[in-house]
Amino acid sequence: MDRPLMARPDGVPAVARTAAPPTGGAARAPRATSAAAEYLRLVLDDAAAIEFEGPLVRARASGADAATLAELEGVRLLALQVRAAFAARRRRESELSALFDTASDLAALRGVDSVLTAIVRRARQLLGTDVSYLTLNDDARGNTYMRVTDGSVSARFQALRLPMGAGLGGLVAQAAAPYATASYFTDPRFHHTDEIDDGVREEGLVAILGVPLIRGSQVIGVLYAADRTERAFDRSEVALLGSLAAHAAIAIDNARLLEETRTALEELSAATRELRAHTESVERAAGAHDRFIGVVLRGGGVEGVAAAVTEALGGRITVLDEEGRPTAGDDGAAALPPDPAGALALARATGRTVRDGEWWTAAVTVGSELLGGLVLQQAADLSDADQRILERAALVTALLLLIRRTAGEAEGRVRGELVDELLTVPLRDPDGLRERARRLGADLDRPLAVVVVRVEERCRGRALAAATHLAATRGGLAGTRDARVVLCLPDLAAADAAALVRREVAAAVGRPVTAGGAGPVHGPAAVAGASAEAGRCASTLEALGRAGESASADELGFVGLLVGEGRDVPGFVTATLAPVLDYDARRGTDLVTTLRAWFATGGSPARAAEVLNVHVNTVTQRLDRVGRLLGRDWSAPDRALEVQLALRLHRLTAAGD
């Protein structure tokens with residue numbers, strides 16, 4: 001007889017048989033064997049559970065006895081258990097594959113958003129739920145927000161922010177353990193809020209399972225699986241969702257660590273760049289400093305400092321004088337800020353570099369005295385270290401200017417004293433003067449052009465400095481005499497020397513000057529006479545209304561014949577006009593002015609009266625007086641020309657005095 005169904009060690013029922021088949025066993029065995037094969041095919045085909053009733057139904061229909069039916073029932077149950085075991089194994093393989101894929105995502109260092117999206121999607125697929133989603137805690141705002149959803153159709157639900165401790169997620173976070181509800185709205189275990197309930201209701205969720213995302217000992221969020229119908233979640237589903245939540249927590253933590261690492265690397269890179277820039281600026285400053293020292297030690301000038309600045313900082317450098325104008329010889333007008341004087345004043349007041357667009361200005365000062373400035377045209381920003389280079393260049397420039405000014409003042413005094421002695425009559429110790437000139441680099445026996453410059457008193461200091469520099473560079477001498485600047489320049493014609501001096505001095509003082517030239521002469525004794533002639537040429541230019549020009553006696557036409565050296569102009573004027581001049585001096589009259597007006601108006605008493613603003617009879621009376629003083633023929637053509645010339649020379653010599 002048949003033994004009852006026994007449970008196998010793995011829990012699967014087994015069918016036990018006796019050693020000898022019962023009566024009719026030979027007939028039942030083929031049928032049982034055939035049914036067992038059919039059940040195996042159903043298992044292999046993964047047929048539905050209802051299809052496993054087929055063999056038993058057919059056996060009943062064919063009239064099988066009770067023992068056969070019982071045996072078939074046992075085989076059917078065993079086949080269903082095998083089918084269930086295969087299904088569980090396939091599900092487990094699917095779960096393990098999903099976990100493996102998630103681990104692969106993490107190992108591949110994919111973006112945290114893509115990893116979390118994949119985890120949420122896999123949770124929905126593996127648990128077969130309608131919706132899955134993940135929330136994260138926002139410690140800064142003190143609540144929880146939706147990070148990823150899958151299967152959600154409600155925008156309101158996707159934008160939910162949940163208060164800490166509210167809803168099923170709040171219970172999960174507080175307990176740090178999974179919680180599930182088959183009917184969310186009727187579950188009293190957690191705190192309901194209108195906002196959460198409205199969002200869940202709009203999404204249509206009923207059954208919800210939540211598992212915590214734990215990093216260390218802290219819950220950082222919750223992973224959910226939810227259905228829109230009532231459903232009970234078994235242990236394996238809870239375990240599976242928990243595994244996915246663990247992977248999600250790892251992904252978030254990895255993202256945090258990666259972000260911290262990236263931030264640290266960026267900070268390190270920024271620090272490295274800053275250190276490199278600082279090192280470069282220090283090296284640049286050190287190199288510029290070495291160049292500055294070299295310029296000073298070699299006795300170089302401001303041009304060497306400017307070259308060192310442009311080599312260190314690039315751009316274009318312009319040197320300014322104390323009034324904010326480019327220095328002589330610098331064509332940097334295009335490299336100046338809109339208001340160079342204002343920028344220079346501000347740089348002087350602050351003691352720092354002043355920026356105006358692409359121009360950077362540093363003041364060149366000695367104590368409180370402004371000597372000039374440096375303007376760097378550079379569109380790029382200058383770091384603090386680079387600005388210090390420009391300021392240090394201004395300091396070195398001040399030192400060079402001070403050295404040059406001190407040396408120039410000393411040499412200027414020596415040269416000026418020598419010039420003053422050369423202009424003193426009678427001349428003493430010509431040989432001694434020659435030796436002193438030789439020590440200053442000048443040769444008094446070479447052909448010397450003598451130039452006299454008439455300049456305003458307030459500009460005389462700069463004019464003398466410019467003249468001294470010009471004389472020193474050309475092997476000449478410069479000084480002052482009777483409030484005029486006097487130069488002796490070798491190997492130049494008088495006209496060329498006067499023009500050169502006028503240009504150089506005018507550029508230095510910033511306004512026109514008048515220069516007269518004489519010579520060339522040879523020897524110390526001839527300098528005083530040439531200086532007198534050059535002075536008369538300068539005075540004549542101003543009397544002729546040509547102030548701001550330069551000329552020698554040869555360039556003044558017939559007037560030059562009279563003002564040149566060796567002409568007795570005062571004697572000629574006295575011989576011609578002495579009676580009239582004496583009469584004016586004794587009586588306080590102005591017959592000379594009346595004569596000039598009469599000649600200027602073509603000999604018309606009426607027009608002369610208009611010019612003099614007197615009555616025509618007054619002019620007639622004055623001319624009669626002139627006739628009695630000079631003789632009745634004074635207005636004859638030959639005598640009139642002589643009188644006119646004497647009048648003109650009288651005015652020129654008076655202006656020269």
Side-chain angles (χ1 to χ4, degrees), residues 46 48-50 84 87-99 101-102 116-136 144-163 165-213 219 221-249:
D46 195 20
I50 191 63
R89 182 168 298 174
R90 284 195 299 272
R91 184 171 65 251
R92 184 58 179 166
E93 289 175 352
S94 178
E95 294 171 356
L96 292 175
S97 177
L99 293 176
D101 291 342
T102 303
L116 295 181
T117 299
I119 289 173
V120 171
R121 182 176 297 114
R122 287 164 187 159
R124 180 187 173 204
Q125 294 171 349
L126 293 174
L127 272 67
T129 56
D130 297 321
V131 181
S132 60
Y133 53 98
L134 183 147
T135 62
L136 291 179
T144 300
Y145 66 97
M146 289 285 184
R147 177 64 184 271
V148 182
T149 65
D150 190 68
S152 173
V153 296
S154 169
R156 179 177 182 179
F157 180 78
Q158 296 167 15
L160 273 180
R161 275 192 172 267
L162 318 177
L168 184 141
L171 184 62
V172 173
Q174 287 178 344
Y179 274 88
T181 178
S183 179
Y184 175 82
F185 294 102
T186 61
D187 196 327
R189 290 179 299 168
F190 42 84
H191 175 60
H192 289 265
T193 67
D194 292 339
E195 182 180 5
I196 299 175
D197 287 357
D198 290 345
V200 173
R201 185 176 292 106
E202 185 171 306
E203 187 63 53
L205 301 181
V206 176
I208 303 175
L209 167 62
V211 296
L213 277 66
V219 177
V222 179
L223 178 62
Y224 300 86
D227 260 346
R228 295 189 172 92
T229 58
E230 289 191 9
R231 169 179 175 174
F233 294 94
D234 60 31
R235 291 178 179 271
S236 63
E237 292 173 326
V238 174
L240 175 60
L241 195 62
S243 297
L244 292 173
H247 283 82

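FYI, side chains are in, hydrogens and waters are out, and symmetry mates aren't considered; it's all heavy atoms of this structure.
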Visitor: Is it true that a side-chain atom of Arg228 and a backbone atom of Val206 form a donor plus acceptor pair closer than 3.5 Å?
Guide: no
Visitor: Which residues pass the ring-ring contact (aromatic ring centres under 6.0 Å, His included) test with Tyr133, sequence neighbours left out?
Guide: Phe157, Tyr224
Visitor: Considering all heavy atoms of both residues, which atom of Gly199 and which atom of Leu160 are nearest to each other, and what is their separation?
Guide: CA-CD1, 4.2 Å
Visitor: Name the atoms and distances for all side-chain donor-acceptor pairs under 3.5 Å in residues 166-174, with sequence neighbours left out.
Guide:
none

Visitor: Write down the atom of Thr129, the atom of Ala123, and the distance for their closest heavy-atom approach.
Guide: OG1-O, 4.4 Å
Visitor: For Ser236, is there any backbone N or O sitting under 3.5 Å from a side-chain donor or acceptor partner on Asp234?
Guide: yes
Visitor: Give the minimum heavy-atom separation between Pro212 and Pro178, together with the two atoms involved.
Guide: CD-N, 3.8 Å
Visitor: Which residues pass the side chain to side chain donor-acceptor pair (under 3.5 Å) test with Arg235, not counting sequence neighbours?
Guide: none
Visitor: Looking at residues at least two apart in the chain, or sitting in another chain, which of them share a side-chain contact (heavy atoms from CB on, under 4.5 Å) with Val120?
Guide: Ser132, Leu134, Val148, Asp150, Leu223
Visitor: Enumerate the residue pairs fulfilling salt bridge (Lys or Arg N to Asp or Glu O under 4.0 Å) with a member in residues 172-188, sequence neighbours excluded, ordered by first and then second residue.
Guide: Asp187-Arg189
Visitor: Going from CD on Glu230 to OG1 on Thr181, what distance comes out if it is rounded to the nearest 0.5 angstrom?
Guide: 8.5 Å
Visitor: Holding to side chain to side chain donor-acceptor pair (under 3.5 Å), I want the full list of residues that pass it with Arg201, two or more places apart in sequence or in another chain.
Guide: Asp198
Visitor: I need the Phe190 CZ to Ile208 CD1 distance, nearest 0.5 Å.
Guide: 6.5 Å
Visitor: Looking at residues at least two apart in the chain, or sitting in another chain, which of them share a ring-ring contact (aromatic ring centres under 6.0 Å, His included) with His191?
Guide: none
Visitor: CG/Leu127 to CG/Asp130 distance, rounded to the nearest 0.5 angstrom?
Guide: 11.5 Å
Visitor: Can you list everything that forms a side-chain contact (heavy atoms from CB on, under 4.5 Å) with Ala175? Sequence neighbours excluded, please.
Guide: Ala177, Tyr179
Visitor: Under the side chain to side chain donor-acceptor pair (under 3.5 Å) rule, collect the residues that match up with Ser154, sequence neighbours excluded.
Guide: Glu202
Visitor: Using the test side chain to side chain donor-acceptor pair (under 3.5 Å), find all partners of Thr117 that sit at least two apart in sequence or belong to another chain.
Guide: none
Visitor: Would Arg156 and Glu203 pass as an ion pair if we require N to O under 4.0 Å?
Guide: no
Visitor: Quick check: closest heavy atoms across Phe233 and Ala180, and the distance to 0.1 Å?
Guide: CD1-CB, 4.1 Å
Visitor: Can you name the closest pair of heavy atoms from Glu237 and Leu209 and give their distance?
Guide: O-CD2, 4.2 Å
Visitor: Step through it carefully: locate the ring centre of His192, locate the ring centre of Tyr184, and say whether they are under 6.0 Å apart.
Guide: yes
Visitor: Measure the spacing between CG of Leu241 and CZ of Arg124 and express it to the nearest 0.5 Å.
Guide: 14.0 Å
Visitor: So do Val131 and Thr149 actually touch side chain to side chain, heavy atoms under 4.5 Å?
Guide: no
